[in-house]
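Reading through the structure tokens given below for one structure.
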Amino acid sequence: MSYHNPHTPPRKSATFDDYTLAEIRRAAATGIYDIRGGGTKRKVPHFDDLLFLGASISRYPLEGYRERCDTSVVLGTRFARKPIELKIPITIAGMSFGALSGSAKEALGRGATAAGTSTTTGDGGMTDEERGHSQTLVYQYLPSRYGMNPKDLRRADAIEVVVGQGAKPGGGGMLLGQKISDRVAEMRNLPKGIDQRSACRHPDWTGPDDLEIKILELREITDWEKPIYVKVGGARPYYDTALAVKAGADVVVLDGMQGGTAATQDVFIEHVGMPTLACIRPAVQALQDLGMHRKVQLIVSGGIRSGADVAKALALGADAVAIGTAALVAIGDNDPKWEEEYQKLGTTAGAYDDWHEGKDPAGITTQDPDLMQRLDPVVAGRRLANYLKVMTLETQTIARACGKNHVHNLEPEDLVALTMEAAAMAQVPLAGTNWYPGKGGF
Ligand SMILES: Cc1cc2nc3c(=O)[nH]c(=O)nc-3n(C[C@H](O)[C@H](O)[C@H](O)COP(=O)(O)O)c2cc1C
């Protein structure tokens, strides 16, 4: 005979929590997996788990109002004849036209240019909005080759060979039919209104030697002028960085699992790849082992939100960071002012991740002509410039407090970790100790 104590409230399972139960029911009802945009939603070790020590008796801080703290960064100093010079170490990550509207691309270009930094194209090619408004534009060379042509390679200021993305290392892109407008279809040379899946690997590669050949080919096409970046998803950062360097990259872009995407399977976003925090030190170690740290620059992305995140990524050895999701939020995505419309879509501002459906009330992740009108690219560009300025000031504030006259002089020695996991991943001591787990290799 079973007995239930009436004084004990019913207890739900932590394993089969409400979200999990709902997802099982959704899968059972529909027979299709969940596709969404954005990055990892569950909590993984991140920059929040690190703290700066700041100066005290043993360290000498800089005075904010009188003493300089530089933020400039030069990318592509290894081989390119025309390296890129940015005023700030924060760049705009590659986001495809198709995923984003033309006016969103224009807003990103305006904001980045005002702040003295670069934007990046994405799957689907280069738009005039973006080229026209981005003083410095990085052109992505992707496995899909959608929209790729030699003319645009030459119109770019740098080329980013995309091997992978943090949200889906090993996976390809998705663009659902509702976002394939006439213009998107024409640029990708594919039929209108039909779901597109981008390739997960380059068609002419079977290994790292082919990457070397490809980089040489791109250098020849662009007369050895443009820096060549290689972007990898955070999976095996030590070896991927070393192989990218061996293949001739000028810059390595490393995107951790919190990195956003316009669309992929939820199971991919949440279960494949490593946290951004865990990727940086192995990549820096690979550069150091090859004598290439600061010669081949490292750009880190995946969940960067504030100047504190920027400063921490730089202190761990990155030369710059890239932002995707935060830039979209800055220009107006998920803004509570559209709450009523988010509710109609069955979601709420702050949780809206159906960027693949093309119904974005903010007019950013859509190709719908009416929704697109809602985004004023001039105002949105100004908002992005403000946000980039604040992030830069925050980064400088922290660097000065640590006594650094350039943000690149931040170092692991300036950091401690709040948790053992973060201490192990970032290889900085647990706060209050001189110890971190996992010393001695990756
Ligand atoms: C809407 C959207 C579209 C994206 N499209 C591309 C793309 O075409 N190519 C690519 O390499 N990465 C793409 N990404 C990933 C970003 O380049 C970047 O790696 C990621 O957004 C960084 O993480 P964050 O969003 O947390 O800043 C996209 C991301 C978003 C949010």
Side-chain angles (χ1 to χ4, degrees), residues 36-41 44 46-47 90-101 104-105 108 118-127 130 138-148 159-169 171-176 179 184 187-188 196-200 202 229-234 253-264 268-269 273 275-277 279 299-306 309-310 313 320-331 333-334 352-358 360 362 364-367 384 387-388 391:
R36 67 173 176 87
T40 307
K41 291 199 179 189
V44 296
H46 199 32
F47 294 117
I90 310 160
T91 65
I92 306 300
M95 292 184 274
S96 68
F97 169 70
L100 300 187
S101 63
K105 278 295 202 183
L108 295 175
S118 59
T119 61
T120 313
T121 62
D123 218 357
M126 185 189 287
T127 60
E130 193 166 30
V138 182
Y139 183 60
Q140 282 199 334
Y141 185 84
L142 293 117
S144 72
R145 304 283 196 274
Y146 289 149
M148 208 297 289
I159 293 158
E160 182 169 303
V161 179
V162 178
V163 176
Q165 263 179 259
K168 45 186 169 184
M174 286 182 175
L175 190 67
L176 299 195
K179 291 177 85 171
V184 173
M187 282 179 68
R188 296 184 184 218
Q196 293 178 3
R197 278 164 193 269
S198 309
C200 66
H202 288 259
Y229 303 7
V230 173
K231 177 176 180 176
V232 292
V253 182
L254 182 58
D255 192 30
M257 78 178 282
Q258 294 101 316
T261 173
T264 201
F268 223 136
I269 300 175
T276 307
L277 191 62
C279 294
I299 301 179
V300 166
S301 60
I304 306 267
R305 305 150 297 177
S306 65
D309 291 349
V310 178
V321 302
I323 57 167
T325 305
L328 300 187
V329 173
I331 65 172
D333 198 72
N334 268 287
Y352 177 64
D353 54 26
D354 290 335
W355 293 341
H356 55 294
E357 289 191 335
D360 186 356
I364 294 169
T365 57
T366 182
Q367 300 300 318
L384 177 62
Y387 172 60
L388 289 168
M391 282 178 112

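Just so you know, ligand 1 is whichever comes first in the structure, and atom 1 is the first atom listed for that ligand.
Formation of a donor-acceptor pair under 3.5 Å by the T365 side chain with backbone atoms of L100 is not found in this model. Remark: side-chain polar atoms of T40 are paired, donor with acceptor, to backbone N or O of M257 under 3.5 angstrom. A donor-acceptor pair is defined here as one N or O able to donate and one able to accept, closer than 3.5 Å; no such pair exists between the side chain of Q165 and the backbone of D255.
Scanning the protein heavy atoms around atom 26 (O) of ligand 1, the nearest turns out to be G303 N, 2.7 Å. Protein heavy atom nearest atom 25 (O) of ligand 1, with residue, atom name and distance: T325 OG1, 2.5 Å. Counting only heavy atoms of the protein, atom 1 (C) of ligand 1 lies nearest to A262 CB, 3.7 Å. The single protein non-hydrogen atom nearest to atom 13 (C) of ligand 1 is G94 O, 2.8 Å, given as residue, atom name and distance. The nearest heavy-atom contact from the protein to atom 8 (O) of ligand 1 is D123 N, 2.8 Å. Among protein heavy atoms, the minimum distance from atom 31 (C) of ligand 1 is reached at W355 CZ3, 3.6 Å. Distance from atom 29 (C) of ligand 1 to its nearest protein heavy atom, with residue and atom name: G260 O, 3.4 Å. Protein heavy atom in closest approach to atom 27 (O) of ligand 1: G324 N, 2.8 Å.
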For side chain to side chain donor-acceptor pair (under 3.5 Å), just list the numbers for T366 and K179, CA-CA rounded to whole Å, side-chain angles, deciding distance to a tenth of an Å, and then say yes or no.
-> CA-CA 7 Å; T366 182; K179 291 177 85 171; over 6 Å; no

Give the C-alpha distance, both sets of side-chain angles, the deciding distance and a yes or no for side-chain contact (heavy atoms from CB on, under 4.5 Å) between T120 and Q140.
-> CA-CA 7 Å; T120 313; Q140 282 199 334; 3.6 Å; yes

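For M174, the side chain to side chain contact (heavy atoms under 4.5 Å, CB included) partners at least two apart in sequence or on another chain are Y33, I35, R197, A263, Q265. Taking T119 as the reference, I92, L108, A112, E130, S134, L137 meet the side chain to side chain contact (heavy atoms under 4.5 Å, CB included) condition, with sequence neighbours excluded.
Within the set M95, Q165, Q258, the minimum heavy-atom distance to atom 4 (C) of ligand 1 is found for M95. Across the listed options I323, T261, D255, D255 owns the non-hydrogen atom lying nearest to atom 19 (O) of ligand 1.
Checked by distance only, ligand 1 and A326 stay at 3.5 Å or farther apart across all their nitrogen or oxygen atoms.
Every atom of ligand 1 with a heavy atom of G259 under 4.0 Å away is listed here by number and element: 22 (C), 23 (O), 26 (O).
Atoms CG and CE, on D123 and M95 in that order, are 13.5 Å from each other to the nearest 0.5 Å.
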